[in-house]
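Each remark here refers to the structure printed beneath this line.
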2 protein chains.
Amino acid sequence: MPLEAPGTVEKAIDILFHLHSEPAPCGVTQIGRALDLPKSTAHRLLASLARRGLVEGDERGRYRPGLGLVALGLGVLDRDPVVALARGPLEDLAERLGETVFLTAARRGRIAVLDKVEGRGFLRATPRVGEEVPIHSTAVGKLYLAHAPELVSLPSGTLRRFTPRTLTQRSQIERAVKEALSRGYAENREEWIPGLVVIAVPILRSRQMVGAIAVAGPSASLAKTDTPRSVAALVRAAARIAGQLAGKSQ
Amino acid sequence: MPLEAPGTVEKAIDILFHLHSEPAPCGVTQIGRALDLPKSTAHRLLASLARRGLVEGDERGRYRPGLGLVALGLGVLDRDPVVALARGPLEDLAERLGETVFLTAARRGRIAVLDKVEGRGFLRATPRVGEEVPIHSTAVGKLYLAHAPELVSLPSGTLRRFTPRTLTQRSQIERAVKEALSRGYAENREEWIPGLVVIAVPILRSRQMVGAIAVAGPSASLAKTDTPRSVAALVRAAARIAGQLAGKSQ
DNA sequence: TATCTTGTTCCGATATTTGGAACAGTGAGA
DNA sequence: TCTCACTGTTCCAAATATCGGAACAAGATA
């Protein structure tokens, strides 16, 4: 089985993600080369996407992601009750701590950023809502491994080393996960991005982990001695979100 | 020519928009009925969409929009320089005026909301980022008809009457557009939604209209006598955005 | 001007989508 | 508890829409 071929729809979606990853509008030939599609195929797929507004083509034949994607993407966030309930607490936290605070959740075995409020520092973390984060080298990843390992899938094989401090051995990660479980929070001190420190706590609804909130900033601002203060604030906010979540419907 | 049939990709996109418009997750049969697709076709298209994360299916076979859409949708906004530059002024305006302020732009002949900052009132306007607004019955629509009629396409035939105050005759609209052009701003007093008043000004970069910012609120809060104050604040903000826009690149 | 590019269109071959039908699992109602 | 109606899923032959090479027109480049 030589890697089953993607269908028509999948190719079209691949074009969307490619346009998303490119900073500038792309031409048909360029897209075809990047995704290994004949020019005419790329052209036809782009025409279909353009008819529905998912891409926009200028008069020169360059294409870029279209406004139709905005409505669809924002709709996903509006639909999620956790995002709605977390918005206020996130703003409070960012105000109090002065650093960037964000909300994450696991979907399809991966972890994505669902919302954020940026801090006030000249040097500050700026996660992108909708993007994924690795599992083995982040604070929220460790939390999921601790509280809901069935919701995330750690890549098999060797784990990627992002920085000198990245934990790449399973035994190291196991130890960190156990620590996260017993302490109730997880840390990531420059294990993913040099200079970046993240402290995260889980949002637990009746023992089930439905997400995590975290504070992120430069290592100088989130020193180890300050950790208890950040953790306390995060835990309070997470409890508030979980409480409102329990009130809502189920 | 009996209304050419949509291709595979278009059908898949139609499914995305249908899921977006439904508040609850949908089953295969339900989607098939709504879009006139056989069950098996809907199922296969959903499988393709799910493989790329644009939809998520639960264990019961219900499908809903997926997280992949978030990254794509937010990416569109990040890419747009007007959105980035308008963010600050929008927040200032919302703070000063106390009402909801939003940014719109024309794409593909239609007008969409690109960003918003909501006001503080218990009763306040809550536009949805990414959604479209009508042209003939909104303040921003009149602005586009005045400054860049080639960018928007007024529907042919009779214009839809949303409220008793909606202008449905071309001559009425022409007069309103001329007024908007001469005064530099446009108003919409309950012409689209009962009780909703909007005041909008264009963002002009070297005589070209690249968007509009507007303040929206209940008619009681945006009385006619207050209009000059709102207009002045909006005009200042629009000029600031346009100025920074001129500085950036071209 | 000559020579590359580019985006777009065309059209026959074929692989992919299509959609009816059968299957299996679930939930409601008797 | 049994039944029935309804789901979502899978299968497969038929048909058709996709595919992709080639030709075309329009710019950009040298």
Side-chain angles (χ1 to χ4, degrees), chain A residues 1-66 107-108 249-250, chain B residues 1-66 107-108 249-250:
Chain A
M1 192 163 70
L3 187 69
E4 52 185 307
T8 309
V9 175
E10 272 129 301
K11 288 181 201 165
I13 297 172
D14 289 340
I15 290 182
L16 285 180
F17 278 103
H18 179 72
L19 291 178
H20 171 65
S21 71
E22 290 290 317
C26 293
V28 169
T29 305
Q30 186 181 350
I31 294 169
R33 260 201 293 270
L35 302 178
D36 201 37
L37 298 172
K39 275 202 303 184
S40 54
T41 298
H43 186 264
R44 184 169 33 76
L45 294 175
L46 282 165
S48 287
L49 291 168
R51 262 191 291 273
R52 292 295 190 265
L54 298 201
V55 305
E56 288 168 17
D58 61 13
E59 64 288 347
R60 290 200 211 296
R62 309 311 264 271
Y63 295 88
R64 61 176 154 183
R107 295 293 152 83
R108 305 171 62 241
S249 69
Q250 203 254 8
Chain B
M1 194 162 70
L3 187 69
E4 53 185 306
T8 309
V9 176
E10 272 127 302
K11 287 180 202 166
I13 298 173
D14 289 340
I15 290 181
L16 285 179
F17 278 103
H18 179 72
L19 291 178
H20 171 66
S21 71
E22 290 289 318
C26 293
V28 170
T29 306
Q30 186 181 350
I31 294 169
R33 259 200 293 270
L35 302 178
D36 202 37
L37 297 173
K39 275 202 305 183
S40 54
T41 298
H43 186 264
R44 185 169 33 76
L45 294 176
L46 282 165
S48 287
L49 292 168
R51 262 191 290 275
R52 292 295 190 265
L54 298 201
V55 304
E56 288 168 18
D58 61 14
E59 63 288 347
R60 289 200 209 298
R62 303 309 247 286
Y63 294 89
R64 60 174 154 187
R107 295 291 153 84
R108 304 170 66 238
S249 68
Q250 201 257 7

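Quick note: numbers below take in every heavy atom, side chains included, and nothing from hydrogens, waters or symmetry partners. Fair warning: this is a prediction, and the values are worked out from it, not measured in the lab. In the text below, chain A, chain B and the rest are named by the order of the sequence lines, each starting its count at 1.
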Whole-Å gap separating P (C:dT18) and CG (B:L46)
12 Å

Min side-chain heavy-atom separation A:Q30-A:Y63 under 4.5 Å:
no

4.5 Å side-chain heavy-atom contact, A:E22 and A:H18
yes

Within the 4.0 Å limit for protein heavy atoms, which parts of nucleotides 13-30 of chain D are touched? Write it as a string from 5' to 3', B for base, S for sugar-phosphate only, - for none.
-----SBBB---------

Residue pair A:R52 / B:D14, side-chain heavy-atom distance below 4.5 Å:
yes

Just to verify, what does A:R44 make a salt bridge (Lys or Arg N to Asp or Glu O under 4.0 Å) with, not counting sequence neighbours?
none

Just to confirm, is there a sub-4.0 Å distance from OP1 or OP2 of D:dT7 to any side-chain nitrogen or oxygen of B:Y63?
no

Tell me whether the side-chain N/O atoms of B:H43 come closer than 4.0 Å to OP1 or OP2 in D:dG8.
no

Taking C-beta and beyond as the side chain, do A:R64 and A:L19 meet within less than 4.5 Å on heavy atoms?
no

Can you check the A:E59 CD to C:dT8 P distance for me, whole Å?
11 Å

Just so I know, are the side chains of A:L35 and A:F17 near enough to count as touching, which here means a heavy-atom distance under 4.5 Å?
no

